[in-house]
J.: 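Below is one structure. I have some questions about it.
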Amino acid sequence: MPPARRLCHFSAASVSGTRKGVIMEDELEMRQRFHNAYEETKYRAEVLAREAARRLPVTSCAPASSWATRGPAEIDKLDGPYY
């Protein structure tokens, strides 16, 4: 198999675990706790993707699950879209 030329990683807001408030992209490893195994595994995968970025180009995609027309976007439901 030829070596990879790029890694495409699918991330999620849940990598922030129990943290609240404004969370910047460069604040990944902040000793946060997690509500469940899903959040923790998304966090661990994000750490691995950032480590891989030292060796190859990484594109990190976080599918939108929230949006706002004014002010900051917030979400309190992580198990699917609002209807």
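Only a predicted model underlies this, so the values are computations on that prediction, with no experimental measurement involved.
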J.: Under the 4.5 Å side-chain heavy-atom rule for ILVMFWY, direct or indirect, which residues accompany Y43?
T.: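 Members other than Y43 - counting any ILVMFWY side chain reachable under 4.5 Å - are V15, L28, F34, V47.
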J.: Hey, what else clusters with M30 if you join Ile, Leu, Val, Met, Phe, Trp, Tyr whenever side-chain heavy atoms sit under 4.5 Å?
T.: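 Hydrophobic cluster check, M30: no partners found.
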J.: Distance-only check: which donor-acceptor pairs under 3.5 Å involve side-chain atoms of residues 2-12, not counting sequence neighbours?
T.:
from, atom 1, to, atom 2, distance (Å)
R6, NH1, T59, OG1, 2.8
H9, NE2, E46, OE1, 3.1
S11, OG, E46, OE1, 2.6

J.: Taking side chain to side chain donor-acceptor pair (under 3.5 Å) as the cut-off, I'd like each qualifying pair that reaches into residues 20-34, sequence neighbours left out, listed once.
T.: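 Qualifying pairs: R19-E27.
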J.: Could you name each residue pair satisfying salt bridge (Lys or Arg N to Asp or Glu O under 4.0 Å) that touches residues 52-62, not counting sequence neighbours?
T.: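 Every pair satisfying salt bridge (Lys or Arg N to Asp or Glu O under 4.0 Å) with a residue in residues 52-62: there are none.
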J.: Please name the pair of heavy atoms, one in V58 and one in A52, separated by the smallest distance, quoted to 0.1 Å.
T.: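 Heavy-atom minimum between the residues: CG2-C, 4.2 Å.
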